[in-house]
Amino acid sequence: MTNEELAGQTEQEPSLAVAAAWVAAAKKIVVLTGAGISAESGIPTFRDAQTGFWAQYKPEDMASEKGYRTNPTMVWRWYEYRRELVAKVDPNAGHLALAEFEKRHPGAITLATQNVDGLHQRAGSSDVLCLHGDLNTQKWLDTPRDCCYIEHAQAGDPPSCDVCGNMLRPAVVWFGEALPYKVFGRAQDAASECDLMLVVGTAGAVYPAAGLANVAKRCGAKVVIVNPAPSGLDDVADLKIRGTAAAVLPRILAS
Ligand code: APR
């Protein structure tokens with residue numbers, strides 16, 4: 001570990017101790033996660049400079065219905081690439097710390113994630129509120145008719161109905177689309193009732209998911225941010241821990 005990293009660790013110690021004490025004292029905790037919690041598993045984030053997906057692709061081309069209708073094969077293959085990438089990696093210590101805490105304290109944590117990679121579920125977290133859907137699930141692009149049935153899908157091409165041409169699409173929330181109503185409603189309710197919210201690995205740039213931190217704050221919860229870099233939610237935070245999910249979560253969720 002370099003001297004700077006050591007200094008960083010020492011610098012963070014007081015914040016880690018405070019956050020761990022708040023976790024131990026909390027009755028209801030909401031954890032809102034973003035792409036950063038999967039970074040140490042090897043999954044690119046979206047907005048990290050150079051390495052993020054949006055440094056290589058335009059969000060409107062890859063994560064919108066218009067983009068999919070314009071170039072279905074390119075978008076389908078991007079999601080196929082992401083599915084293959086996720087299948088090759090494992091949950092990291094950050095995901096595991098959340099799952100183990102939940103097992104030690106049943107009912108204490110509500111986990112709401114913006115991620116679609118399924119790594120929280122693979123780590124053992126249950127009842128994960130998937131605000132932006134699931135990379136490994138598909139649905140019909142247009143309302144399916146009686147003819148819509150897929151017998152065989154060619155790898156690399158978007159599966160489509162042989163009769164009417166309706167295509168399957170990733171069951172994720174694209175820009176401009178509403179979040180799953182019931183899932184987001186449960187996340188809002190949990191945020192309004194919690195006494196502590198941990199915001200882990202999100203730039204806090206995309207609403208309404210990021211707004212859950214404001215809901216928690218308005219309703220009297222303490223808000224702790226775990227992120228090595230500044231985020232769009234820093235002004236809502238009672239405590240900012242400048243560290244990575246895999247290093248910090250096992251420390252503050254040890255109780
Ligand atoms: N641990 C914790 N945080 C990290 C780590 C790490 N190891 N590595 C990076 N981060 C932080 C970055 O500093 C950044 O603030 O994670 C955040 C990732 O931000 P984004 O890439 O914008 O991801 P996210 O906030 O989840 O994006 C929200 O935007 O593009 C849409 O639908 C997509 O769900 C996504 C949404």
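Starting from 1, each residue takes its place in the sequence as its number. All values derive from a computational prediction rather than experimental measurement. In each ligand, atom 1 is the first atom listed, and ligand 1 is the first ligand listed.
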Side chain or backbone of S231 under 4.0 Å from ligand 1, or both, or neither, by non-hydrogen atoms?
-> neither
Is a salt bridge present between D90 and R122, judged by a nitrogen-to-oxygen distance below 4.0 Å?
-> yes
V224 vs M197, side chain to side chain contact (heavy atoms under 4.5 Å, CB included): CA-CA, chis, key distance, verdict = CA-CA 6 Å; V224 175; M197 176 176 275; over 6 Å; no
Going by the angle between their ring planes, with limits at 30° and 60°, are W174 and Y68 parallel, tilted or perpendicular?
-> tilted
Are K66 and E177 close enough for a salt bridge, meaning some N to O gap below 4.0 Å?
-> no
Measure from NZ or CZ of R145 to the centre of the six-membered ring of W140 and say whether it is under 6.0 Å with the direction within 45° of the ring axis.
-> no
Min heavy-atom dist F53 to ligand 1 below 4.0 Å = no
Backbone or side-chain N or O of F46 under 3.5 Å from ligand 1 N or O = yes
If you have a sec, work out which protein heavy atom is nearest atom 8 (N) of ligand 1 and how many Å separate them, to one decimal?
-> A39 CB, 3.7 Å
When you check the gap from the basic side-chain N to the acidic O, do D134 and R83 get nearer than 4.0 Å?
-> no
Closest approach of A187 and L131, non-hydrogen atoms and distance?
-> CB-CD2, 3.9 Å
Against heavy atoms of E40, which atoms of ligand 1 measure under 4.0 Å?
-> 1 (N), 6 (C), 7 (N)
Checking heavy-atom distances from atom 5 (C) of ligand 1 to each of A245, G52, A35, G36, the winner is G36
Ligand 1 versus T45: contacting region, heavy-atom distance under 4.0 Å | both
For atom 18 (C) of ligand 1, grab the closest protein heavy atom and report residue, atom and distance to one decimal in Å.
-> G201 O, 3.7 Å
Nearest-contact summary for atom 25 (O) of ligand 1 - protein heavy atom, Å = T202 OG1, 2.6 Å
Would you mind listing which atoms of ligand 1 come within a distance below 4.0 Å of any non-hydrogen atom of R47?
-> 20 (P), 21 (O), 22 (O), 27 (O), 28 (C), 29 (O), 30 (O), 31 (C), 36 (C)
Answer yes or no: does an N/O atom from V173 fall short of 3.5 Å to an N/O atom of ligand 1?
-> no
Closest heavy-atom approach to atom 12 (C) of ligand 1 among V199, I37, V248, D48 is made by D48
For ligand 1, which atoms, with element, lie under 4.0 Å from some heavy atom of F175?
-> 30 (O), 31 (C)
Closest non-hydrogen atoms of T202 and N227, given as atom of the first, atom of the second and distance, are O-ND2, 3.3 Å
So, is the end of the R82 side chain (NZ or CZ) under 6.0 Å from the ring centre of F53 and within 45° of the ring's axis?
-> yes
With W76 via side-chain hydrogen bond (donor to acceptor under 3.5 Å, both in side chains) - residues at least two apart | E80
Under 4.0 Å from any heavy atom of A229, which atoms of ligand 1 are there?
-> 13 (O)
Return all side-chain donor-acceptor pairs below 3.5 angstrom for residues 20-37, not counting sequence neighbours, or 'none' if the list is empty.
from	atom 1	to	atom 2	distance (Å)
T33	OG1	T113	OG1	2.7
T33	OG1	H120	NE2	2.9

Find all atoms of ligand 1 within a distance of less than 4.0 Å from any non-hydrogen atom belonging to G34, and give their numbers and elements.
-> 26 (O)
The closest protein heavy-atom partner of atom 19 (O) of ligand 1 is A203 N, 3.3 Å
Ligand 1-proximal atoms of Y207, by part, heavy-atom distance under 4.0 Å = neither
Answer yes or no: is there an ion pair linking R69 with E65, defined by an N-O contact shorter than 4.0 Å?
-> yes
Backbone, side chain, both or neither: what part of Q114 comes under 4.0 angstrom of ligand 1, heavy atoms only?
-> both
In ligand 1, the atoms that come under 4.0 Å of a heavy atom of W54 are 30 (O)
Heavy atom of N227, distance to ligand 1 below 4.0 Å = yes
Of the protein's non-hydrogen atoms, which lies at the shortest distance from atom 34 (O) of ligand 1, and what is that distance?
-> H132 ND1, 2.9 Å
Can K217 and D235 be counted as an ion pair, charged N to O under 4.0 angstrom?
-> no
